[in-house]
Protein chains: 2
Amino acid sequence: MDDKPVERAGYHHGSLPDALTAAALELLDERGLEQVTVREVARRTGVSPGAPFRHFADRQALLTAVVGRILADFEQWQLAAVAEDEGPAMRAFGLGFVRYAIRHPHRFELIRSKVFGSRQPTELRQRLSGIEQALTGIIVAGQQAGELRAGDPAVVGLAGQALVYGLSQMIVDGYLPPEQAEQLAEQVLDTCGLGIVNSADFQGP
Amino acid sequence: MDDKPVERAGYHHGSLPDALTAAALELLDERGLEQVTVREVARRTGVSPGAPFRHFADRQALLTAVVGRILADFEQWQLAAVAEDEGPAMRAFGLGFVRYAIRHPHRFELIRSKVFGSRQPTELRQRLSGIEQALTGIIVAGQQAGELRAGDPAVVGLAGQALVYGLSQMIVDGYLPPEQAEQLAEQVLDTCGLGIVNSADFQGP
DNA sequence: TGCCTGTGGTAGCACTGTTCACATGGACGA
DNA sequence: TCGTCCATGTGAACAGTGCTACCACAGGCA
């Protein structure tokens, strides 16, 4: 109906893929995955409904680009989280994950549907395996330092990922009341999680 | 296109809501949540596209009815799982959960989007709290028997749910190779999960 | 200068969820 | 037995979607 595109300099946009990705991310944060519609993204970018398909094969491809941006942001977030936390890195990593999910529920919703799927573009896969390697490094170091219980790092890592991922999921889905979510998550991580030895030591003040 | 409805006895169906729910569940199992379309469900039931809306306010309502069926089935599944397993009930419960997700990935996909949300109809909420109570009972009994580590049953339960839920999620999303998924899940549960004391005792033969 | 190619516009297809006026026929009172 | 009522099903229609043609523009190259 009122498909008034926003103003734009010339006929050619210049960097439409970037603009589309940014608009899609904005829309995602605002209204959730389901509402991220190619047409609405085009509308916000001030471009015709067909234009996005010059740069992205389909909606999924556009969303994949968005995931790329999110993962880049998430990487920085986790680096900061681990750097700032004085407890075991594994715990900081898990808490960072959960906190990111709390802060950006819709991003998490998207990531779930793309990241853990089996068909990812190379760039995405690289980013992911980077994060995974970081996690494995954290685990091995933690085990050597006696912070983490021994065992196959892959299994320990998987358990940690599953716990943290499930927790985030439940938070995002509203199963845990948002106000208490973070504190509860912390409790869970400290009490039962991540194979941290003497984890009770790290309960908050 | 070929909207050939299947044959039906009379003009009036008799139990359309049930038939629609069943068709929707079938479609879900076959093709996944996204493909469960009101129109296709109507087609399969041999009814016009508008008919379902006589019985369900919208697509969500239809899906909620499907969730009801799934939860009833899941309840039975878990009862059997706990009854048949000779290890700690908590472990059987977790494994049952994961196995159900492996067997019915699409159901899990639907449940995730409905069950943990904050707005559920009464009937659904009852079913859920029934399952949760069962879990809490299992935990308390396990703690008294010395099988589970002590601690607030709510937190222990939450941790268990998160771990198992996340694991199932990762399996459903294809992050874990399906062939190894069950074994890996078992390993994770035994090594790091559920607060089971001396969990190494329960590693498979 | 003039064409070529990459980029955007427009129109249109098939599909979706949902609504609404209309058709039907089983149930129930006369 | 008949007539009427009304829950239930029909079919057309609407707005919105992803996606695909085909056409128009404009900037870079000869």
Side-chain angles (χ1 to χ4, degrees), chain A residues 1-24 27-28 30-67 109-110 113-114 119, chain B residues 1-25 27-28 30-67 106 109-110 113-114 119:
Chain A
M1 203 62 84
D2 50 346
D3 279 9
K4 301 272 180 58
V6 303
E7 296 148 35
R8 174 164 36 98
Y11 186 92
H12 287 286
H13 186 285
S15 56
L16 191 50
D18 278 356
L20 289 170
T21 313
L27 195 54
L28 175 72
E30 274 177 31
R31 301 199 209 161
L33 180 54
E34 204 177 8
Q35 302 289 329
V36 179
T37 214
V38 177
R39 294 180 107 105
E40 178 60 25
V41 168
R43 234 167 271 145
R44 290 199 172 200
T45 316
V47 104
S48 76
F53 295 96
R54 284 281 159 206
H55 304 275
F56 299 99
D58 51 19
R59 178 171 180 263
Q60 284 304 309
L62 172 57
L63 290 179
T64 301
V66 175
V67 170
E109 186 186 357
L110 169 60
S113 75
K114 305 289 300 173
R119 298 210 128 281
Chain B
M1 200 66 81
D2 49 348
D3 278 9
K4 301 273 180 58
V6 303
E7 298 148 32
R8 175 164 37 99
Y11 187 93
H12 288 286
H13 187 284
S15 57
L16 191 49
D18 278 356
L20 289 170
T21 313
L25 177 53
L27 195 54
L28 175 71
E30 275 176 32
R31 304 200 206 160
L33 181 55
E34 204 177 9
Q35 301 290 331
V36 178
T37 217
V38 177
R39 292 180 105 104
E40 178 61 25
V41 168
R43 233 168 272 145
R44 292 199 170 201
T45 316
V47 105
S48 75
F53 294 96
R54 287 275 165 213
H55 304 276
F56 300 99
D58 50 21
R59 179 173 180 261
Q60 284 304 308
L62 172 57
L63 291 179
T64 300
V66 175
V67 170
H106 294 309
E109 187 186 355
L110 169 60
S113 75
K114 303 290 300 175
R119 296 210 129 281

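Each chain gets a letter, A, B and so on, in the order its sequence line appears, and its residues count up from 1. Keep in mind that what you see is a predicted model, and the values were worked out from it rather than measured.
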List every contact pair, protein side and nucleotides 19-21 of chain C side both N or O, where the distance is under 3.5 Å.
from, atom 1, to, atom 2, distance (Å)
C:dA21, N6, B:Arg54, NH2, 3.3

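- Taking atom CD of A:Glu34 as the reference point, atom P of C:dG17 lies 11 Å away to the nearest angstrom.
- Comparing atom distances between the A:Arg43 side chain and each of C:dT18, D:dG9, D:dT17 picks out D:dT17 as nearest.
- Side chains of A:Leu63 and A:Leu33 form a contact here, defined as non-hydrogen atoms less than 4.5 Å apart.
- Using a 4.0 Å heavy-atom cutoff across all strands shown, B:Ala51 reaches at least one base atom of the nucleic acid.
- For B:Val47, the side-chain atoms get nearest to D:dT10 when compared with the rest of D:dT10, D:dG18, C:dT18.
- At least one side-chain nitrogen or oxygen of A:Thr37 sits closer than 4.0 Å to the OP1 or OP2 atom of D:dG18.
- Side-chain contact between B:Arg54 and B:Leu16 is absent, with no heavy-atom pair separated by less than 4.5 Å.
- Residues that satisfy the side chain to side chain donor-acceptor pair (under 3.5 Å) test with B:His106, not counting sequence neighbours, are B:Glu109.
- Heavy-atom minimum distance, A:Pro52 versus A:Ala42: CG-CB, 3.8 Å.
- In this structure, B:Arg59 atom CZ and C:dC15 atom P are separated by 17 Å, rounded to whole Å.
- For B:Leu16, taking side-chain heavy atoms from C-beta onward, the closest of the listed nucleotides C:dG8, D:dG9, C:dT18 is D:dG9.
- Protein atom CG of A:Asp58 is 8 Å distant from nucleotide atom P of D:dT20, rounded to whole Å.
- Set against D:dG9, C:dG8, D:dG18, the side chain of B:His55 has D:dG9 as its closest nucleotide.
- Protein atom CD of A:Glu40 is 15 Å distant from nucleotide atom C1' of D:dG18, rounded to whole Å.
- In this view, A:Glu30 and A:Glu26, A:Arg44 satisfy the side-chain contact (heavy atoms from CB on, under 4.5 Å) rule, not counting sequence neighbours.
- Remark: P of C:dT16 and CZ of B:Arg31 are 10 Å apart, rounded to the nearest angstrom.
- Scored by the side-chain contact (heavy atoms from CB on, under 4.5 Å) test, B:Ala24 finds B:Val36, B:Val41, B:Leu62, B:Val66 as partners (sequence neighbours excluded).
- Taking B:Ala65 as the reference, B:Thr21, B:Phe56 meet the side-chain contact (heavy atoms from CB on, under 4.5 Å) condition, with sequence neighbours excluded.
- Looking at B:Arg39, its side chain comes within 3.5 Å of the base of C:dG17 through a donor and an acceptor atom.
- The CG-P distance, from B:Leu20 to C:dG17, rounds to 13 Å in whole Å.
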